[in-house]
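Below is one structure; the comments refer to it alone.
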Number of protein chains: 2
Amino acid sequence: MKRKITLKHIARELEVSISTVSKALKNSEEISRDTKEKVQAFAKLYNYKPNNVAISLKNKRTKNIGVIIPEIVHHFFTTVFRGIEQYANQKGYNVIVCVSDESFDKEVINMELLANGSVDGFIMALSAETQLKNDYNHLKEVTEQGIPLVLFDRVADEVVCDKVLINDREIARQAVNKLLDQGRKRIALVTTDNYLNVSNKRARGYFDALEDRNRAIDENLIIKLPYTYLGMDKVPIQAFFEKEAVDAAFCVNEMFAVHCMRVAQDMGLKIPEDISFIGFTDGILSQYASPTLTTVAQHGQQMGEIAAKMLIERVEQENDDDEEEVFQTKVIEATLIERDSTING
Amino acid sequence: MKRKITLKHIARELEVSISTVSKALKNSEEISRDTKEKVQAFAKLYNYKPNNVAISLKNKRTKNIGVIIPEIVHHFFTTVFRGIEQYANQKGYNVIVCVSDESFDKEVINMELLANGSVDGFIMALSAETQLKNDYNHLKEVTEQGIPLVLFDRVADEVVCDKVLINDREIARQAVNKLLDQGRKRIALVTTDNYLNVSNKRARGYFDALEDRNRAIDENLIIKLPYTYLGMDKVPIQAFFEKEAVDAAFCVNEMFAVHCMRVAQDMGLKIPEDISFIGFTDGILSQYASPTLTTVAQHGQQMGEIAAKMLIERVEQENDDDEEEVFQTKVIEATLIERDSTING
DNA sequence: CAGGCCTACGAAAACGGTTTCGTGTTAATA
DNA sequence: TATTAACACGAAACCGTTTTCGTAGGCCTG
C-alpha cells in the first residue's frame, strides 16, 4: 500500500525546502531550471497530487457546492441535479447532495452541517415542510454569513437570494387555454392535497385561463389527491369524473395524470376524444404512458445549469467589501409538449 | 454580514490561549469550571462551530464519501443513491456524487479528483465504457492507496474490493421459469445492443431456464435494442413479434418492457392472455403502465444501504498495519413482483 | 523550609499546502 | 575594489483545528 506523497516527502528526499518544491511544481520563475526539472520529475514518478483539504483550508474555498433537495427518486429533481452536476464539474466543482425528504429538520441539519466550511455555496429546493412552516431562518443564517444561495423551483419570497423558476402560472394558463380552445367545457383541476408553492401557482394559472374566457370557477371541478406515488384509490376519482361529467383534466404532475387516464380508460372513456389530459413534468411516464401524455416540460437540466452558473459566479466574485448585492430571479419558459392525450393541431 | 468565528477570535476576546478554548469547548477536565463556562457561553452566543475543513485536515478524515454512478436520471441508480445517502447521513457522512455519464474518461477524472483527499472512500457502479474497455487501473490505484472501495451492481471480477450485487442470473431464471410454467412456448429475450455486465447475467438466467426444461435456445427469439430511452423504432419489434409468434417476453429493463407491451397492444394482442411480459427494475413505469408490469424488484435502496454500511465499516476500522484484508461480496435477493402483464397465480 | 504534587493553563507541533519576505552567493557595474 | 542587482533558495507565517508536553503557582507534607 503506497500512501499518498506530500511536499514534505519530496523536499526531504531531494534535500531542498518545502517552499522550493511547492514553487518548482508551480513552475515558478524563482526556481532554477535544474531544480524544477528534478522536482517535477520526482513528483511525476511518485504521482504527487496536492491534498485538496489542505488547499481548501489555505484558500478558504472548498470547490464544493451543496445541493439540498426534497427528493432524489424523482424525475424532475434528478434532471435539475444533472444540470447542476454537469456545469459544476466542468467548472471544477464537486457536488455534495443532501436529501431533505420533505422534512424541515433534515433540511436544517444538513444545511448547518455543510455550512461549517464544507461547501462554498448552496443550491436548493425547499422541502414541503419548510414551506408549510414558513420558517427560513436556516437560510438567512447562511446568507448572512456570506455564503451564496440559489433557490430553484420551490422558492420563497421571504428569502433574499438568487432564484431560478419556471413560469408555472403562465404555462398552466396556456395549457388550460389549449383545452378550452378545443371546446372543452368541464375541465378538472387535479392537484395536491395541501397546496405546495408550485401546485398553487399552477392552480392560479388554471383560474387565469378560465377568467380569460369569463368562465366561472366551479369548485366541484377541483380534486385534491394525496402527494404520494402509489396506492391512490381509484374510486373517488371515478366518482368525480362521472358526477362532474369531466371532459378534460389538467393535472399538476404526471403521476396524477397517468393515474387519472387509467381510471378514465377503465370507465370506457376514449382519450382524447371523450376526455383530454395534460400533465406536468416531462418524465418517462409521460413518454411511455398510453396514450402518451401531453405535458409541460420544465427543462430541469437547463434549470440546474443556470442555478449552478449563478451560484458559481457569486462564489467566484470576491465579495470582500459589503456593497449592496443585487439578487436576480431567472424565469425559464416551460414548454407544452403535445402528445396523444389531447387532440392535436 | 457576520463572518464565521474561530477559536482564535474567542481566545483573543477572552484573553486566554487557543488551546484553552479548544479544551474548554470539549469540556476537558484540564480546564477550570469558571473558564469552561465563560468560553462555552461565549461560543454559544456567537454560534461558534468548528470548521470542517480544518478538522478534516487534522484528522485525515473528511467524513465524505464519493459516489460515482453512470447516470442519475435513472430510477435504479437514484434508489441506490437514496439508500447510500440515508445510511451515510445517519452515520454523519456526506455524499459527493459524480456522474460518469457512461464515459470511461469522466469516471477516471472524477475518481482521481476525489481521491486526493476529498473523500474517505468510494461507492460506485462502473460505466458502460469502462466495462467495455476492461480497464480498471483507476480503481486499482485508489485501492492501493488504501482508500476503501465498494462496487455495486455493475462490478468487475478483476477489481479486488467489497461488492454488492443482486442475483441477476438466478432471478432471471426464475422469471423465465414462471413464464414456462404458464405454458409459454416462444419466449423472447429483449436485451441491450452491446452486452452490459448485468444484461449478460440476465441473459444467462434466461438460457438457464430454457436448459432446465431441455429446451433449445432459439437465437431468433433474442432481440437487441439500443440502450436509449426514446425514439425506439416500433417496426422491427412488431416484425419480430409477428415473425417469431412470440407469446411472452422477458425484458432486461422496464422501458423495453413497456415499449414492447405497447407494440403488442397496437398489434391487437391481449396482455397477458396472448402475450405476457416481465421486466426488470421496479420503477414508476412498471407501476403505472397499462397493464401494470410484472417485474423484478432490485431493491436498490437496500443495496445502497448495504454498500454504505460496508464502506463506512472499512473506513472506520483503522487499518494501520498491512494485514491481509478479506473482501466480501454481498448478494441481495431480487424479488419478482407479479402484476397484470402476466397471468397471476 | 525544601520538595513534591496538583491544578489550570499556554506554547508549540502537527495536518499539507501557499506565499511573503529575507538572505547568501555570484556577477555586473561604477 | 566597493556597491549593487539578479538569482535561487529557505524560513516562517498562515489557514483552523487538536493534542502533547511543559510549567507557574498554590498547597501539602515531612
Check ion pair [X]-[Y] (N to O, under 4.0 angstrom):
| X | Y | result |
| --- | --- | --- |
| B:R82 | A:D101 | yes |
| A:R154 | A:E102 | yes |
| B:K63 | B:D120 | no |
| B:K309 | B:E313 | yes |

Response to the item:
Heavy-atom nearest nucleotide on DNA chain C taken for A:I5 and for A:E30; more 5' hit belongs to A:I5
[N] [atom2] sits how many Å from [X] [atom1], rounded?
| X | N | atom1 | atom2 | answer |
| --- | --- | --- | --- | --- |
| B:I10 | C:dG10 | CD1 | P | 14 Å |
| A:E37 | D:dA8 | CD | C1' | 15 Å |
| A:K36 | D:dC7 | NZ | C1' | 12 Å |
| A:K63 | C:dG17 | NZ | P | 18 Å |
| A:K8 | C:dT18 | NZ | C1' | 16 Å |
| B:I18 | C:dA8 | CD1 | P | 22 Å |
| B:Y46 | D:dG16 | OH | P | 18 Å |
| A:I31 | C:dT19 | CD1 | C1' | 12 Å |

Practice prompt. Give A:K23 one of three labels, base, sugar-phosphate or nothing, depending on what nucleic acid heavy atoms sit under 4.0 Å from its own.
Written response: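 If one applies the 4.0 Å heavy-atom cut-off, A:K23 turns out to touch a base.
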Worksheet entry | Ring geometry between B:H74 and B:F77 (parallel below 30°, tilted from 30 to 60°, perpendicular above 60°) | tilted
Phosphate-side-chain proximity, [X] and [N], N/O vs OP1/OP2 below 4.0 Å:
| X | N | value |
| --- | --- | --- |
| B:K4 | D:dG16 | no |
| A:S19 | D:dA12 | no |
| B:S22 | D:dT19 | no |
| A:S17 | D:dG10 | yes |

Discussion item. Quick check: A:F104 with A:H138 (ring centres under 6.0 Å apart)?
Written reply: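 Yes: the rings meet the under 6.0 Å criterion.
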Item to complete: Indicate yes or no for a side-chain donor-acceptor contact from A:Q131 to the backbone of A:L126 under 3.5 Å, with no hydrogens or angles considered.
Response: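 Not at all, since once roles are kept as given, no pair shorter than 3.5 Å links the two residues.
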Worksheet entry | First encountered from the 5' end of DNA chain D, between A:E29 and B:K26 | A:E29
Fill in: DNA chain D-proximal residues of residues 49-60 of chain A, any heavy atom under 4.0 Å
A:L57, A:K58, A:K60
